[in-house]
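Read the numbers this way: they start at 1 and go in the same order the structure lists the ligands and their atoms.
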Amino acid sequence: MRVGVLGTGHVGLITCLSLAAVGHRVVGTDTDGDKIRALRDGHAPFFEPRAEEVLDRCLRQGNLVFSERTSDAVSGADVVFICVGTPPRTTGEANLAAVEGAARQVARAADGPLVVAEKSTVPAGTADRIKRTIVLERRELDDTVEVVSNPEFLREGSALQDAHHPDRILVGAASDPAFEVMRRLYAPFVKRGARLIETDIATAELAKHACNAFLALKISYVNALARMCERAGGDVEAVADVMGADPRIGRDFLNAGLGYGGYCFPKDLVAFERLGAQLGYDFRLLAEVVRINEQAVEAAVDKIHDALWNLEGKRIALFGLAFKPGTDDVRFSQALALAQRLLAQGASVVGYDPHATQNAAAALDGLEVAESAYEAARDAHCIVLCTDWEEFRELDLTKLAEIVAYPVLVDGRNFLNGPRVAASGFTYHAMGRPPIAPAGTASGA
Ligand code: UGA
């Protein structure tokens, strides 16, 4: 089938790659000309495992092309995906101006029957607004252009794996012909075992927000438990294991730490709450989820304070700056939220990340960056592990203990083996778990 994709960011580019990889003919467009030129040369605009390898293969096979002109993606297409950004407004609502702009361009360029699929995460009611925009632009009630909701469930860092082998594909549509087009499009994925779920449009739109909000709720729940464990002297990891042993609860997304970041959960939570308010429903549980998430960073600041006393003149090394491992994305990263608070209290902050160092340096004034974890740790009074990159498991702890100013480590992701860290001479502070004093001492630093 012929597919157009408007917007080649994290969602759009992965959509291009996964659909081209199963044999569809895909045209990706973006308003950013530099991005399009780089993509044509095989360079992805962000780090995502295997993205450039698949991009290169699709470009060579010739079934994926990139263009700056929307009309190239829309003319003759069976399906056009809207994957443009929906950044938060200062009020927290999603700014849908780019979605409207994309809808207008589709309306002008459509030259035959077409399904327009909204993939960007949007509030319920957006598909209807897209349809109304298309009707206004074309100045006719036109049934040849159908709008469907087809939210994505990709996770950054494993986006291609998720796109190639989705556990579910969600399509919300208003007519059988539109469902039929989407069934044909996704047939290769269903053949591989993906479950295609068909709903009405409002349900699909709501379900996407509902999933993200629920996952964020699980994280905040376990972080609230971490605060309880810290006060009661319990171990949140053991509590989460007990909870996770109940299949009705499940262990996934019960990892306590600095909380959730990234370009999905933080903005989707607030947008979902705002949508509730617009609809006349006070969904204040979501505000509480956000509050507990902010408190998780404060809890780390408190641990650093407790270990170092005053922060003025202290040097803090952050291991990991991306909002999660496997990506160079630092948007709404908890590591940067922590850095900001530490800087505000007079500490100097130096960060290292396997892939996100440059993005982090550009995003936060005052943050120093280092080429390696060891360089960051040199003369630091405290190391804080902020992102659970696998390479941090391989660190030479003895070497680290020798080069730091004070051997204090705060594990913001409960990721390292605490007794091993302490055996190397560090005081080990975890989130929601008792601290461990360095080997050979009775209490922590
Ligand atoms: C999330 C969802 O998991 C995807 O299903 C969804 O498609 C995507 O948002 C989206 O809406 O586009 P993503 O933001 O890539 O994916 O990252 P997650 O793996 O969900 O992690 C989000 C944050 O939660 C990270 O900062 C991570 O460190 C944190 N987290 C995750 C925890 O603090 N604890 C956990 O137990 C799990």
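- A parallel orientation is assigned to the rings of His10 and Phe46, their planes being inclined by less than 30° (bins at 30° and 60°).
- Salt bridge Arg37/Glu68: present, at least one basic N to carboxylate O contact under 4.0 Å.
- Only the backbone of Leu254 comes within 4.0 Å of ligand 1, counting heavy atoms alone; no side-chain atom from C-beta on gets that close.
- The side-chain tip of Arg192 points at the ring of Phe189 from less than 6.0 angstrom away and within 45° of straight on.
- Checking Phe253, Tyr260, Phe153 against atom 37 (C) of ligand 1, the nearest heavy atom belongs to Phe253.
- The closest protein non-hydrogen atom to atom 17 (O) of ligand 1 is Lys324 NZ, 3.2 Å.
- Cation-pi contact between Arg393 and Phe415: present, with separation from the ring centre below 6.0 Å and deviation from the ring axis of at most 45°.
- Ligand 1 lies within reach of Lys208, whose nearest heavy atom is under 4.0 Å from it.
- The protein heavy atom nearest to atom 34 (N) of ligand 1 is Asn255 O, 3.0 Å.
- For Arg341 and Glu294, the salt-bridge test fails: no basic side-chain N is under 4.0 Å from an acidic carboxylate O.
- In summary, the atoms of ligand 1 found under 4.0 Å from a heavy atom of Arg155, numbered by their order in the structure, are 3 (O), 4 (C), 15 (O), 16 (O).
- Of all protein heavy atoms, the one lying nearest to atom 4 (C) of ligand 1 is Leu154 O, 3.3 Å.
- Salt-bridge check for Asp30 with Lys35: passed, with a basic side-chain N closer than 4.0 Å to an acidic carboxylate O.
- Under the 4.0 Å criterion applied to side-chain N and carboxylate O atoms, Lys208 and Glu152 are assigned as salt-bridge partners.
- Which parts of ligand 1 touch Asn212 is read off a 4.0 Å heavy-atom cut-off, strictly below it: atoms 2 (C), 6 (C), 9 (O), 10 (C), 11 (O).
- Geometric assessment of Arg331 against the ring of Tyr263 yields a positive cation-pi assignment under the 6.0 Å and 45° thresholds.
- Under 4.0 angstrom from ligand 1, the non-hydrogen atoms of Ile219 all belong to its side chain.
- Scanning all heavy atoms of the two residues, the minimum distance from Ala159 to Glu48 falls at N-OE2, 2.9 Å.
- When only modelled atom types and interatomic distance are considered, Asn223 and Ser220 share no side-chain donor-acceptor pair under 3.5 Å.
- Taking a cut-off of under 4.0 Å to the non-hydrogen atoms of Glu156, the atoms of ligand 1 that pass are 15 (O).
- Among the atoms of Asp388, none of the N or O lies under 3.5 angstrom from an N or O of ligand 1.
- In summary, Arg195 and Asp167 do not engage in a salt bridge, as defined by a charged side-chain N under 4.0 Å from a carboxylate O.
- Counting only heavy atoms of the protein, atom 26 (O) of ligand 1 lies nearest to Phe323 O, 2.8 Å.
- Any N or O atom pair closer than 3.5 Å counts here, and Cys264 shares no such pair with ligand 1.
- The shortest heavy-atom distance from Gly257 to ligand 1 is not under 4.0 Å.
- At a heavy-atom cutoff of 4.0 Å, ligand 1 is contacted by the side chain of Phe265 but not by its backbone.
- Judged by the shortest distance from any of its heavy atoms, Arg413 lies inside the 4.0 Å radius around the atoms of ligand 1.
- Within the structure, the closest approach of Gly262 to ligand 1 does not fall below 4.0 Å when heavy atoms are considered.
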